Amino acid sequence: MPELPEVETVRAGIEKHVVGRTVRAAEVLNPRAVRRDLAGPDGFAAAMAGRTFLRAERRGKYLWFALDDGSEALLAHLGMSGQLLVGDPDRPLSPHVRARFTFTDGGPDLRFTDQRTFGHLMLVPFASVTLPERAAADADPSACLVGPSIARLTGHAERQAGAARRSATLPPSAYSRLVPEPIRHIAPDPLEDAFDPEDFAARLARKKTQVKRALLDQSLISGIGNIYADEALWRAKLHWARPTDTLERGEVSRLLDAVRDVLTEALKAGGTSFDALYVNVNGESGYFDRSLNAYGREGEPCGRCATPIRRDSFMNRSSYSCPRCQK
DNA sequence: ATGAGGACCTGCTCGC
DNA sequence: TGCGAGCAGGTCCTCA
């Protein structure tokens with residue numbers, strides 16, 4: 001499943017193939033792929049035509065392409081099974097292609113493929129406006145000029161004009177710190193500069209929930225899914241059901257180190273698994289089978305103490321842990 | 001306000 | 001051989 005390392009692999013892989021290119025036509029083959037875009041499939045497709053890809057960016061499991069002057073973005077979430085593939089525009093259309101973008105240069109096209117259709121695409125404005133306004137918005141979310149309710153009611157043309165007007169006040173260097181409006185609530189991920197360990201620890205301490213649930217809470221820390229949550233908890237020797245408000249400071253530090261390590265190592269491995277024109281986010285490829293210590297290893301010996309790994313049911317999914325190392 | 005759980009979705013595997 | 005149940009899980013929505 002695409003978690004942060006897979007999404008970053010896709011972002012880095014796709015960036016060099018699309019940046020600087022202009023969309024000739026967008027085609028939505030399954031309306032569910034753009035279900036969160038209120039312009040609808042036709043509106044989305046029409047609004048994407050003529051857009052130039054400027055940058056490829058990411059936060060947590062979301063990735064986006066800043067378009068044209070950087071005032072709007074094509075936002076993508078890969079869900080459970082999403083892929084972004086670049087290739088010969090004449091190759092056969094697989095049945096799971098949900099959206100397709102061709103380019104004015106006639107070169108390789110971009111396809112959003114998604115078997116389980118949990119992923120989606122949206123054309124959206126950036127959330128923040130000028131830097132002083134950004135500071136105000138951070139202090140008080142309701143102060144954001146482009147709040148969710150406004151964005152939902154506003155059409156593409158108006159959003160476009162508004163975003164362009166606002167972005168005119170921004171120095172180019174500020175763009176990289178902006179995130180698309182629909183993901184304002186997504187916390188920084190542990191691999192970006194904006195991530196603040198102190199803030200994370202403080203917010204974690206205020207929560208009254210289980211530590212694994214907290215790791216999966218994208219508004220607290222982003223980029224972690226079920227697999228890397230289990231792996232990080234195994235490394236940190238923490239039980240998944242441990243109440244967050246009982247964690248000691250040292251344990252939180254250990255957990256954050258484990259999270260960073262597991263994401264970084266997976267990113268290194270994931271970065272080797274695709275070639276030039278085919279960007280693969282298939283969960284089975286590369287590191288998956290080799291370097292997992294807990295996830296999916298029910299009954300197999302723990303790498304530290306040889307106690308069989310246990311599987312528990314949690315949130316309608318599985319949690320894998322060592323009953324001895326992770327009390 | 002916050003936390004917990006269900007819905008969404010499709011392909012694969014397993015057991016009868 | 002065929003079929004249905006179970007499973008996989010990220011995010012949003014609803015309910016308590």
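Note that this is a predicted model, so its numbers are computed, not measured. Each chain gets a letter, A, B and so on, in the order its sequence line appears, and its residues count up from 1.
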Less than 4.0 Å between a side-chain N and a carboxylate O, is that true for Glu265(A) and Lys268(A)?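 Between Glu265(A) and Lys268(A) there is no salt bridge, as every charged N stays at least 4.0 Å from the carboxylate O atoms.
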
Look at Asp217(A) together with Lys207(A) and state whether they make a salt bridge at an N to O cut-off of under 4.0 Å.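 Judged by the 4.0 Å cut-off on N to carboxylate O distance, Asp217(A) and Lys207(A) do form a salt bridge.
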
Among Arg59(A), Lys61(A), Arg58(A), which residue meets the side chain to side chain donor-acceptor pair (under 3.5 Å) test with Asp189(A)?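 Output: one option passes, namely Arg58(A).
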
How many whole angstroms separate atom [atom1] of [X] from atom [atom2] of [N]?
| X | N | atom1 | atom2 | result |
| --- | --- | --- | --- | --- |
| Phe118(A) | dC12(C) | CZ | P | 12 Å |
| Ile183(A) | dC12(C) | CD1 | P | 10 Å |
| Glu3(A) | dT11(C) | CD | P | 9 Å |
| Leu75(A) | dG10(C) | CG | C1' | 14 Å |
| Arg213(A) | dT11(C) | CZ | C1' | 13 Å |
| Ile221(A) | dT11(C) | CD1 | P | 13 Å |

Reading DNA chain B from 5' to 3', where do the contacts with chain A start and stop? Cut-off is 4.0 Å to heavy atoms.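 Range of nucleotides touched by chain A: dG3(B) to dG11(B).
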
Test item: side-chain donor near acceptor, Ser319(A) and Asp312(A), under 3.5 Å: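 On atom types as modelled, these side chains do not qualify, holding no pair under 3.5 Å.
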
Polar side chain donor-acceptor pair, Arg32(A) to Thr117(A), under 3.5 angstrom: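 Result is yes, a qualifying pair exists.
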
Enclosure of Arg91(A) CZ (heavy-atom neighbours >12, cutoff 6.0 Å):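 For Arg91(A), atom CZ is crowded (more than 12 foreign heavy atoms under 6.0 Å).
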
Of the nucleotides dG10(C), dT11(C), dA8(C), which one has an atom closest to the side chain of Gln218(A)?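 My answer, after comparing the listed nucleotides, is dT11(C).
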
Base, sugar-phosphate, or nothing: which does His185(A) touch, judged by heavy atoms less than 4.0 Å apart?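 Counting heavy atoms under 4.0 Å across all strands, the contact made by His185(A) is with sugar-phosphate only.
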
With a non-hydrogen cut-off below 4.0 angstrom, is Arg35(A) in contact with a base, only sugar-phosphate, or nothing?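 No contact.
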
Is the shortest side-chain N/O distance from Arg36(A) to OP1 or OP2 of dG10(C) below 4.0 Å?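 For dG10(C), OP1/OP2 do not have a side-chain N/O of Arg36(A) under 4.0 Å.
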
If the cut-off is 4.0 Å, is His77(A) near the phosphate of dG10(C), judged by side-chain N/O to OP1 or OP2?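 The answer is no; no side-chain N or O of His77(A) sits under 4.0 Å from OP1 or OP2.
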
What I'd like to find out is whether the side chain of Gln83(A) reaches to under 4.5 Å of the side chain of His96(A), using heavy atoms alone.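 Sidechains of His96(A) and Gln83(A): no contact.
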
Residue mapping more 5' on DNA chain B - nearest nucleotide basis, Arg98(A) or Arg206(A):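 Per heavy-atom nearest nucleotide, the more 5' residue is Arg206(A).
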
On a plain distance test, is the side chain of Arg116(A) in donor-acceptor contact with the base of dG10(C) below 3.5 Å?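 Check fails, no donor-acceptor contact within cut-off.
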
Between the axis at one end of the helix from dT2(B)-dA16(C) to dC16(B)-dG2(C) and the axis at the other (five pairs apiece), what's the angle to 10 degrees?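 For the helix from dT2(B)-dA16(C) to dC16(B)-dG2(C), the axes at either end differ by 50°.
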
Is there a chain of hydrophobic side chains (I, L, V, M, F, W, Y, each step under 4.5 Å between heavy atoms) that links Val211(A) to Phe195(A)?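 Yes, because Val211(A) and Phe195(A) connect within a single hydrophobic cluster, where side-chain heavy atoms sit under 4.5 Å apart.
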
If you look at every heavy atom in Asp109(A) and Pro89(A), which pair is closest and at what distance?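 Nearest heavy atoms, Asp109(A) then Pro89(A): OD2-CA, 3.6 Å.
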
